[in-house]
2 protein chains.
Amino acid sequence: MRATIRDVAKAAGVSAATVSRALNRPDLVDPETLERVRKAMEEMSYQPSAIARGLSARRSDTLGLIVPGITDFFFNELYKGIDRASQQYGMKVLLYDSEHSRERAFEGFSILSGYQVSGIIFTSKLVTEDYDPILQRVNIPVVLTLTQSAAKTPLTAFRIDEVRAMFDVVAYLVSRGHRQIAMIAGKLWDDRTGELRLEGYREGLRHFGIEYCEARVEFGQYRFDDGYQAMQRLLERIRDVPFTAVCTASDEMALGAIRCLNDHGYRVPDDISVMGFDDLPIARMVTPRLTTVAQPFHEIGEEAVKWLIRAASQPPSPSEIGDYLLPHRLVERESVRSIS
Amino acid sequence: MRATIRDVAKAAGVSAATVSRALNRPDLVDPETLERVRKAMEEMSYQPSAIARGLSARRSDTLGLIVPGITDFFFNELYKGIDRASQQYGMKVLLYDSEHSRERAFEGFSILSGYQVSGIIFTSKLVTEDYDPILQRVNIPVVLTLTQSAAKTPLTAFRIDEVRAMFDVVAYLVSRGHRQIAMIAGKLWDDRTGELRLEGYREGLRHFGIEYCEARVEFGQYRFDDGYQAMQRLLERIRDVPFTAVCTASDEMALGAIRCLNDHGYRVPDDISVMGFDDLPIARMVTPRLTTVAQPFHEIGEEAVKWLIRAASQPPSPSEIGDYLLPHRLVERESVRSIS
DNA sequence: TTGTAGGCGTTATCAC
DNA sequence: GTGATAACGCCTACAA
């Protein structure tokens, strides 16, 4: 049996209350007593029960994280930031994988709230109005990362300016001499990000006086195979609608696209240039290294945690709630070439 | 304020105990009562407090997972299996990243035990004797994955037969006509896996009557850059100790090695063949696709969870404790070619 | 089958 | 500065 607070109290010749204070408000206890208590804790290798503490104090030093799928490559990067920040505040993280299901996501909120988490980070999926009831019910701070809200409940989100990011991609490609630019966009039923990036693409074209051509756009669900297949469709009509560069909505799709191009005898970037999106660790591990736009995953994770912790101690004012756009960055590597 | 068990009880006109039973032992309660209770729970959208339950029942439907680093590519795959199985048993997962530090790992055990987790999955790092005290102290089942124990406390582990796996790699390369086989082995201060794979390499060579040559072996810490640098060192002496194939201790190092080869004007596999290890998702996304040995990450994760759950309900007999070796599989793709 | 009562390990509010 | 004492929300004998 593990030692409890009472065991420590007895050993130190004080009451449980004092041990508790020694733990949480050491300034309120006599230095000598404190010393005794600490020694006792040390000797019994006392580890306070987070569970009991949570029950009593109605908070649990735990954050909940809801991700759509653990195998999404960006997860590790986002988590890195979350972990770094939460550790700094002595918080633990409870992970919940919604497996791309809305019901599972709802359930995630419920379950996590059952664990008295002091906040929930929700990732990547669009929050629609059907989340409102559950959002209302779990009465704890929620923050969004890599996505945004279309629900009634005001929610703050940390993400990049998707439109602007893809605009920058187009601008970059144009600056490298490309005018015939295809796109492999992202599309998921509960995803607004894909649309935003597409919008950025269109804005970019418009800005540079390039006509938007539907036949140059294909969609995929962000994964490798989707990128491959989308490229295949693009390739089928390359005679009629040629392109010298392709921008994609994810690094993974970019890899798929490149593979498809290779399989059809095209070299990247010599024949066709490809741009990724995300700047995941793999982007620099492949040949050609991916030219891509970097999302500040770590920072987003950190900011989300900080926001949550702030929100837990002091309800945020309406003006503090909203979308926080963090800066993205274009990373030049090898998958795009300049054409005359 | 969230509804408590008492609120539900009142609404259903029963006692809290009955609600509790309705939740945990529905077979013990009258069907009609059960119905009433369930309706009440539904209406109040009652979510039992996992915290309180854990305190009272001294278990928490939570598993702890200690990983050395969240950014290790295999993590997602392992977690996938863990999540799948734990979900099946209604367990949640508390994640702890030890950041490759032994102290943090110790702390992980402590903290997780403070959360009353019903078991801990420890990953990837060698468990040495200095873990014994903490292992003894946290009095909960611990299971190892992708590693093994060198501690006194008997521990069960799920992993593959590393020696055999690397032996198979060598056998495969030999069957493809290779005799001059270099290796980029893994080395970490708290890692035995690297040694085992190296051993498999040596056994393989011996078995096929190939002389082991130290100059053909380099070491790295499993990451991309390590693979790159190791290959660079190998290349520096390729005149004196030539090789036609390289096997590596991780897919990531294989990618680094390939990149290094490319940078030095070698083509893979035309000039030199490269083998990975792990079969991570990226292995099939790069060009050339990696020929590699697949670790059954999902199964390992699942088995670990099942073992933990079994152990929680019934202390395992000494004979059940030990190393469980799951089958690996050689995946043939494009990074190795046959030579005459 | 159901209810009562005590306890799980803390924290928080009082007195002292 | 310290010590009782009452929660916190649930589970589990035990009794009815």
Is any side-chain N of the basic residue among [X] and [Y] closer than 4.0 Å to the acidic one's carboxylate O?
| X | Y | value |
| --- | --- | --- |
| A:Arg104 | A:Glu107 | yes |
| A:Asp190 | A:Lys125 | yes |
| B:Glu77 | B:Lys80 | no |

Open item on the list: Taking the ring of B:Tyr79 and the ring of B:Phe297, is the distance between their centroids below 6.0 Å?
Closed with: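 No, the ring centres sit 6.0 Å or more apart.
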
Can you check the [X] [atom1] to [N] [atom2] distance for me, whole Å?
| X | N | atom1 | atom2 | answer |
| --- | --- | --- | --- | --- |
| A:Asn24 | D:dT2 | CG | P | 15 Å |
| B:Ile51 | D:dC11 | CD1 | P | 13 Å |
| A:Leu23 | C:dT10 | CG | P | 8 Å |
| B:Lys10 | C:dT4 | NZ | C1' | 17 Å |
| B:Leu28 | D:dC14 | CG | P | 15 Å |
| B:Arg36 | C:dG3 | CZ | C1' | 14 Å |
| A:Asp61 | C:dT11 | CG | P | 10 Å |
| A:Asp27 | D:dT2 | CG | C1' | 14 Å |

Could you go through residues 7-23 of chain B and list every donor-acceptor pair under 3.5 Å that involves a side-chain atom there, pairing it with any protein atom two or more places apart or in another chain?
{"residue": "B:Asp7", "atom": "OD2", "partner": "B:Thr4", "partner atom": "N", "Å": "2.8"}
{"residue": "B:Ser15", "atom": "OG", "partner": "B:Ala17", "partner atom": "N", "Å": "3.3"}
{"residue": "B:Ser15", "atom": "OG", "partner": "B:Thr18", "partner atom": "N", "Å": "3.4"}
{"residue": "B:Ser15", "atom": "OG", "partner": "B:Thr18", "partner atom": "OG1", "Å": "3.4"}
{"residue": "B:Ser20", "atom": "OG", "partner": "B:Asn24", "partner atom": "ND2", "Å": "3.4"}

TODO: Check every atom of D:dG9, C:dT11, D:dT2 against the side chain of A:Leu55 and return the nucleotide holding the closest atom.
DONE: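 Selected nucleotide (nearest to the side chain): D:dG9.
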
Open item on the list: How bent is the helix from C:dT1-D:dA16 to C:dC16-D:dG1, measuring the angle between the end axes built from five pairs each, rounded to 10°?
Closed with: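 Inter-axis angle at the termini of the helix from C:dT1-D:dA16 to C:dC16-D:dG1: 40°.
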
TODO: Please work out if B:Thr4 contacts a base, only the sugar-phosphate, or nothing of the nucleic acid, heavy-atom cut-off 4.0 Å.
DONE: sugar-phosphate

Open item on the list: I need the minimum non-hydrogen distance between A:Lys306 and A:Tyr89, along with the two atoms involved.
Closed with: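 Looks like CG-OH, 3.9 Å.
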
Tabulate protein N/O versus nucleotide N/O from nucleotides 3-7 of chain D, keeping only pairs under 3.5 Å, one per line.
{"residue": "D:dG3", "atom": "OP2", "partner": "A:Ser15", "partner atom": "N", "Å": "3.0"}
{"residue": "D:dG3", "atom": "OP2", "partner": "A:Ser15", "partner atom": "OG", "Å": "3.3"}
{"residue": "D:dG3", "atom": "OP2", "partner": "A:Thr18", "partner atom": "OG1", "Å": "2.5"}
{"residue": "D:dG3", "atom": "N7", "partner": "A:Arg21", "partner atom": "NH2", "Å": "2.8"}
{"residue": "D:dG3", "atom": "O6", "partner": "A:Arg21", "partner atom": "NH1", "Å": "3.2"}

- [ ] For D:dC10, take OP1 and OP2 only and decide whether either is under 4.0 Å from a side-chain N or O of B:Tyr46.
- [x] yes

